[in-house]
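To keep things clear, I will list the structure first and then write my remarks on it.
Whatever order the structure lists them in is the order used to number ligands and atoms, beginning at 1.
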Amino acid sequence: MEPAQEPYPLDVEAIRADFPILDRKVGGDATVPGEDEDDTTPLVYLDNAATSQTPDQVVDTIADYYRSYNSNVHRGIHQLSQEASVAYEEAHDRVAEFVGAAGREEIVFTKNATEAENLVAYAWGLNEIGPGDNVVLTQMEHHASLVTWQQTARKTGAEARFIRVTDDGRLDMDHARELIDEDTAMVSAVHVSNTLGTVNPVAELADLAHDHDALIFVDGAQSVPHMPVDVREFDPDFFAFSGHKMCGPTGIGVLYGKERLLEEMEPYLYGGSMIRKVTFEETQWEDLPWKFEAGTPVIEQGIALHAAIDYLEDVGMERVHEHESLLARYAYDRLSEFDDIEIYGPPGDERAGLVSFNVDGVHAHDLSSILNEHGVAIRAGDHCTQPLHDVLGAAASARASFYVYNTREEIDALVEGVDDARQLFA
Ligand SMILES: Cc1ncc(COP(=O)(O)O)c(C=O)c1O
């Protein structure tokens, strides 16, 4: 008899009902209703680390904003502007509460996590880093952080150093202790690797950085959507994530920064909304966080991010994490059944909800297009971690990544498609 399967920690069917896109069929001419029905197959969406799907609650919030109170913020005396301003400002409060920040002063809305990295690199890095300094990154940084700090180091004459990844996909903390020294200005570390699924010891890295009077930037793009995160527990100086990976819309990212640092920093963009007083000679900046939100900000996106956080907290972030861990273990075990598949990163019970792998003799792009014929959407390529792929000795990999609405049956569909590809290329 088959062993009983562990029950899901959340009500997957109820959650799926909030995401009508998951009922879509793909393949054939699926865009034309009723045509080529026989060639279509149910969508299995396993590309959540790139962008997650958006529940009705968030879509409705966006529609409601445009239908009921679409208006520019901070400027108008009229009612619509006041309603939009209150909703937009409250979105900052909600995000602050969600990640344990002291208040809206510490929460800057950006276009995405990448822009948050760049904001700090430009506004802090170019002014504070100089020749003789070093910037310490990990080999598993996403390009959003790696390229940004590599180029900041280049422009300022500093050295970029990289903490090694061990053979089992963890950070080599002995190497971190060697690299972080009294000349370190900034440590930038990814919280959860979008390729390996590794959850990094960011509290330990923060202690190391602070012991050497350096700052630490933590990239939370793959942690905030998937697990409870409280900045008070690991004390980053800066922390960033993106709305579109956590049931929110595209076009919004968040920069958390310690108030003292944000106060000291020069603005990154100049223009309207970020000023208090302007004369022909000089300008006084607006209070935080508006000092960093020049021009018309991401109003609809901020309000929708608020709704996405409400949605995720209704599900419960602990349960989100448990569900994804269960799926990651299941996918890891199922893919491990094949001895011609190499899975990257730590074992199944120690990883976040994604699995990157390669099938011997099958390029990740070919695998992805065969899976696409099975209706299974995964990511193939370097996942914006080219240098990490060099370390792994692979030009590319296939990545399946999970979220609250995914099921074991969908992972079975993935494994079936992978097996087909194996046989086709055998
Ligand atoms: C770990 C990590 N950091 C940063 C990013 C960049 O996010 P965005 O493209 O939303 O700026 C991503 C996106 O895949 C990511 O996975």
Side-chain angles (χ1 to χ4, degrees), residues 45-54 95 99 108-122 137-152 162-163 165 169 171 187-202 205 216-227 229 234 236 238-256 268 298 301-302 304-305 308 324 328 344-346 351-356 377-389 391-392 396-403:
Y45 189 77
L46 301 180
D47 193 18
N48 296 287
T51 287
S52 62
Q53 295 304 340
T54 318
V95 172
V99 297
V108 178
F109 284 172
T110 59
K111 183 174 68 176
N112 48 32
T114 304
E115 191 183 53
E117 295 268 4
N118 278 274
L119 191 161
V120 175
Y122 277 84
L137 309 168
T138 80
Q139 284 186 333
M140 57 175 102
E141 289 313 286
H142 186 280
H143 295 165
S145 140
L146 196 155
V147 179
T148 305
W149 291 107
Q150 175 198 65
Q151 293 306 308
T152 306
F162 294 89
I163 305 168
V165 173
L171 269 191
V187 175
S188 182
V190 68
H191 196 174
V192 170
S193 162
N194 64 311
T195 298
L196 301 171
T198 315
V199 184
N200 284 318
V202 283
L205 284 169
I216 181 164
F217 192 125
V218 176
D219 171 354
Q222 298 294 345
S223 60
V224 173
H226 305 289
M227 58 181 64
V229 168
F234 57 100
F238 300 104
F239 184 63
F241 51 99
S242 279
H244 67 97
K245 296 183 195 286
M246 50 186 289
C247 295
T250 53
I252 182 159
V254 173
L255 171 69
Y256 157 83
Y268 161 58
V298 287
Q301 293 90 335
L305 180 62
E324 290 177 24
Y344 303 106
R351 62 173 51 239
L354 62 90
V355 181
S356 297
I378 61 150
R379 182 122 309 224
D382 56 48
H383 324 308
C384 292
T385 55
Q386 278 180 21
L388 174 64
H389 276 79
V391 172
L392 298 175
S397 61
R399 179 185 71 191
S401 53
F402 317 115
Y403 213 15

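Contact annotation for His383 and ligand 1: no heavy atom of the residue comes within less than 4.0 Å of the ligand. When non-hydrogen atoms are compared, ligand 1 lies under 4.0 Å from neither the backbone nor the side chain of Glu115. When non-hydrogen atoms are compared, ligand 1 lies under 4.0 Å from the backbone of Thr114 as well as from its side chain.
For the ligand labelled ligand 1, residue Lys245 lies inside the 4.0 Å heavy-atom shell. In this structure, Lys111 falls outside the shell of residues with a heavy atom less than 4.0 angstrom from ligand 1.
Within ligand 1, the atoms closer than 4.0 Å to a non-hydrogen atom of Ser242 are 7 (O), 8 (P), 10 (O), 11 (O), numbered from 1 in the order shown.
In this structure, Gly169 and Leu196 approach most closely via the heavy-atom pair O-CD1, 3.8 Å. The two residues Ala49 and Lys245 have their closest heavy-atom pair at O-NZ, 2.8 Å. Taking all atoms of both residues into account, the shortest heavy-atom contact from Val254 to Thr110 is N-OG1, 3.8 Å. Looking at every heavy atom in both residues, Gly197 comes nearest to Leu354 through N-CD1, 3.6 Å. Phe239 and Pro236 make their closest contact through CB-CG, 4.1 Å (heavy atoms, listed as atom of the first residue, atom of the second, distance).
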Please assess Asn194 against Arg399 for the test side-chain contact (heavy atoms from CB on, under 4.5 Å), listing each intermediate value before the final yes or no.
CA-CA 9 Å; Asn194 64 311; Arg399 179 185 71 191; 3.6 Å; yes
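Nearest protein heavy-atom contact of atom 4 (C) of ligand 1 is Asp219 OD2, 3.4 Å. In terms of protein heavy-atom proximity, atom 16 (O) of ligand 1 is nearest to Gln222 NE2, 2.7 Å. The protein heavy atom nearest to atom 15 (C) of ligand 1 is His142 CD2, 3.2 Å.
Checked against the 6.0 Å centroid threshold, Phe241 and His191 do not count as a close aromatic pair.
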